[in-house]
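Below is one structure, written out as structure tokens; the observations come after it.
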Amino acid sequence: MGITQEVADRLRALAAGEASPEEAAAWALSVMEGDAPELEDENVWHALDQLSGADLMLAPDTPMHGKEQFQQWLQEFLENVSVA
């Protein structure tokens, strides 16, 4: 599976509440350290950047991002890339 498809799958899982923001952020950061050609796609990189911050907190019990924002990220990504 390519990174573009994996990003879409991770965004879907995050938006559906099937994955934790911490898991998504850790995965995105590890992918961003790689050298896959797909990382040169600005839409893929932008989505990875968003995912890498999915677990940011405003306060100890207040996440910066929530389900609605994750759904926006997914919609934006799917509008800008070709995913099978």
Side-chain angles (χ1 to χ4, degrees):
M1 172 184 324
I3 291 174
T4 302
Q5 182 64 52
E6 181 94 15
V7 167
D9 291 346
R10 298 278 178 161
L11 283 167
R12 281 189 191 99
L14 195 56
E18 298 169 355
S20 74
E22 294 79 13
E23 291 170 330
W27 174 81
L29 287 170
S30 70
V31 170
M32 293 171 86
E33 293 173 354
D35 61 356
E38 291 168 289
L39 296 177
E40 294 184 24
D41 181 318
E42 69 181 64
N43 294 306
V44 170
W45 188 263
H46 179 68
L48 286 167
D49 188 45
Q50 289 174 318
L51 281 168
S52 72
D55 62 346
L56 294 175
M57 303 295 281
L58 292 172
D61 294 329
T62 308
M64 181 178 283
H65 309 291
K67 187 174 181 176
E68 286 183 19
Q69 188 148 35
F70 299 146
Q71 290 170 341
Q72 280 182 314
W73 294 352
L74 172 61
Q75 182 179 355
E76 177 183 299
F77 184 69
L78 294 176
E79 289 173 358
N80 291 308
V81 299
S82 175
V83 179

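Side chains included, hydrogens not; waters and symmetry mates left out as well; all remaining heavy atoms used.
Residue Glu22 qualifies as enclosed at atom CD: its count of foreign heavy atoms under 6.0 Å is above 12.
Listed here is the closest heavy atom pair of Leu51 and Ala28: CB-CB, 3.6 Å. Here the closest non-hydrogen pair linking Ser52 and Leu29 is CB-CD2, 3.6 Å.
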Open item on the list: Set out, in order, the CA-CA distance, both residues' side-chain angles and the distance that settles side chain to side chain contact (heavy atoms under 4.5 Å, CB included) for Val31 and Leu39, then state yes or no.
Closed with: CA-CA 9 Å; Val31 170; Leu39 296 177; 4.0 Å; yes
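Residues Glu76 and Asn80 bring no donor and acceptor atom of their side chains to less than 3.5 Å of each other. The closest side-chain donor-acceptor pair between Glu42 and His46, if any, does not fall under 3.5 angstrom.
Here CG of Leu56 is found 11.5 Å from CD of Gln50. Values are rounded to the nearest 0.5 Å. Note that CD of Gln75 is 12.0 Å distant from CG of Leu11, once rounded to the nearest 0.5 Å. Rounding to the nearest 0.5 Å gives a distance of 6.5 Å between OG1 of Thr62 and CE of Met57. One distance of note links CZ of Arg12 with CZ of Phe77; it measures 9.0 Å at 0.5 Å rounding. Within the model, atoms CD of Glu33 and CG of Leu48 stand 11.5 Å from one another, a figure rounded to the nearest 0.5 Å. Atoms CG and OG1, on Asn43 and Thr4 in that order, are 9.0 Å from each other to the nearest 0.5 Å.
Applying the side-chain contact (heavy atoms from CB on, under 4.5 Å) test to Gln72 and every residue at least two apart in sequence or in another chain returns Gln69. For Gln71, there are no side chain to side chain donor-acceptor pair (under 3.5 Å) partners two or more places apart in sequence or in a different chain. Here Glu40 pairs with nothing under the side chain to side chain donor-acceptor pair (under 3.5 Å) rule; sequence neighbours left out.
Put simply, the side chain of Glu38 does not reach to within 4.5 Å of the side chain of Val7, judged on heavy atoms. In this structure, Phe70 and Pro21 have side chains that are in contact, with non-hydrogen atoms separated by less than 4.5 Å. Here the side chains of Leu74 and Leu14 are not in contact, with every heavy-atom distance at 4.5 Å or above.
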